[in-house]
Amino acid sequence: MRASDDVPFNTDSAWSFVHSEVFGRTFREGMLLVEQTANYLDGPGRESSKSLSRSAALSYASASMRLTTQLMQIASWLLVLRAVREGDMTFADAGEDKYRVSPRDGGESGSLDAEVPSTLASLIDASNQLYHRIVRLDLELFGVQKSEIGATDAVAQQRALFAAFPTKQ
């Protein structure tokens, strides 16, 4: 299902955003964070994780998996919007559910063991901040996702209830 079929969005403001310096900075910030995280996890992070206690090593592994997953979602969203900017994708296609981000897909930091290196904690914090900003941008550009409409739309909930329990006439 395409976003344009469900929820109208302002093509002019979306076009302005993907061609703006704000998007350019956000794109560079996101890609730099992906690169910094990869370099850390493959280098100093791997070395420091070897000296952690068993529980801290488990916390480190879990946190690094959540972090890399979240960063993949960030990078994917940014690359989709770059494809829109370059004319390789339409706004309607970019608004499809499979390209959207949602607050429940990421941004969960979990609990970190006190021994986990502060660099990893800083990368997680930066990723969470960027992810939440991208969620807000996504909602501003494309509106409410279809899956969220049914869950929050009281009229839709009432219709579903009446459909489930039809009255006799």
Side-chain angles (χ1 to χ4, degrees), residues 1-50 52 59-113 115-148:
M1 183 79 48
R2 292 155 67 109
S4 60
D5 296 337
D6 298 326
V7 180
F9 54 91
N10 186 336
T11 305
D12 291 335
S13 67
W15 179 260
S16 295
F17 175 72
V18 297
H19 288 90
S20 72
E21 181 55 33
V22 172
F23 174 70
R25 281 193 314 263
T26 303
F27 185 88
R28 289 187 298 275
E29 177 186 354
M31 294 302 147
L32 179 61
L33 186 56
V34 167
E35 184 179 341
Q36 289 172 334
T37 301
N39 289 337
Y40 173 76
L41 293 175
D42 285 341
R46 181 172 296 180
E47 287 304 312
S48 27
S49 70
K50 292 177 183 177
L52 297 174
S59 178
Y60 177 94
S62 177
S64 64
M65 285 191 300
R66 282 191 310 271
L67 174 61
T68 55
T69 299
Q70 182 170 281
L71 286 172
M72 287 188 311
Q73 292 170 338
I74 288 170
S76 175
W77 189 86
L78 291 168
L79 290 168
V80 164
L81 287 188
R82 185 177 75 174
V84 169
R85 182 185 71 204
E86 294 175 356
D88 296 331
M89 181 180 255
T90 67
F91 288 110
D93 289 340
E96 290 181 14
D97 285 345
K98 65 184 175 183
Y99 299 120
R100 304 287 307 280
V101 292
S102 123
R104 65 183 166 273
D105 288 341
E108 300 299 321
S109 60
S111 60
L112 290 177
D113 189 283
E115 290 180 61
V116 169
S118 61
T119 303
L120 179 64
S122 296
L123 290 168
I124 290 169
D125 184 50
S127 178
N128 285 339
Q129 288 180 27
L130 181 58
Y131 190 87
H132 292 299
R133 189 171 1 135
I134 285 174
V135 166
R136 285 191 309 274
L137 289 168
D138 183 80
L139 289 172
E140 287 177 29
L141 291 172
F142 300 107
V144 177
Q145 292 181 343
K146 182 179 172 94
S147 59
E148 294 170 352

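What you see below is based on every heavy atom in this structure, not just the backbone, and it leaves out hydrogens, waters and symmetry mates.
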*Any donor-acceptor N/O pair, S76 side chain to M72 backbone, under 3.5 Å*: no
Worksheet entry | Side chain Q70, main chain Y131, donor-acceptor under 3.5 Å | no
Nearest heavy-atom contact between L81 and V18 is O-CG1, 3.9 Å
### Task
Could you walk me through whether R100 and L139 pass side-chain contact (heavy atoms from CB on, under 4.5 Å), step by step?
CA-CA 9 Å; R100 304 287 307 280; L139 289 172; 4.0 Å; yes
Across all chains, not counting sequence neighbours, the side chain to side chain contact (heavy atoms under 4.5 Å, CB included) partners of D42 are R46
How far does [atom1] of [X] sit from [atom2] of [Y], to the nearest 0.5 angstrom?
X    : Y    : atom1 : atom2 : answer
T37  : E35  : OG1   : CD    : 10.0 Å
Y40  : L67  : OH    : CG    : 10.5 Å
L33  : S127 : CG    : OG    : 5.5 Å
E115 : S49  : CD    : OG    : 12.0 Å

Measure the shortest side-chain to side-chain distance between L78 and I134 over non-hydrogen atoms and say whether it is less than 4.5 angstrom.
yes
Hey, are the side chains of L71 and L123 touching, using non-hydrogen atoms and a 4.5 Å cut-off? no
Practice prompt. Give the intermediate values and the outcome of side-chain contact (heavy atoms from CB on, under 4.5 Å) for residues V84 and Y99.
Written response: CA-CA 12 Å; V84 169; Y99 299 120; over 6 Å; no
* To do: Over 60° means perpendicular and under 30° means parallel, so classify the ring planes of W15 and F91, tilted if in between.
  => perpendicular
Name each donor-acceptor pair under 3.5 Å that joins a side chain in residues 23-31 to protein atoms two or more places apart or in another chain, with its distance.
unit_1	atom_1	unit_2	atom_2	d
T26	OG1	V22	O	2.8
R28	NH1	G24	O	3.3
R28	NH2	E21	OE2	2.5
E29	OE1	R133	NH1	3.0
E29	OE1	R133	NH2	3.1
E29	OE2	R133	NH2	2.8

Can you tell me if D125 and S122 form a side-chain donor-acceptor pair at under 3.5 Å?
-> no
_Quick one, L112 with I124, criterion side-chain contact (heavy atoms from CB on, under 4.5 Å). Give me CA distance, side-chain angles, the key distance, then yes/no._
CA-CA 10 Å; L112 290 177; I124 290 169; 4.1 Å; yes
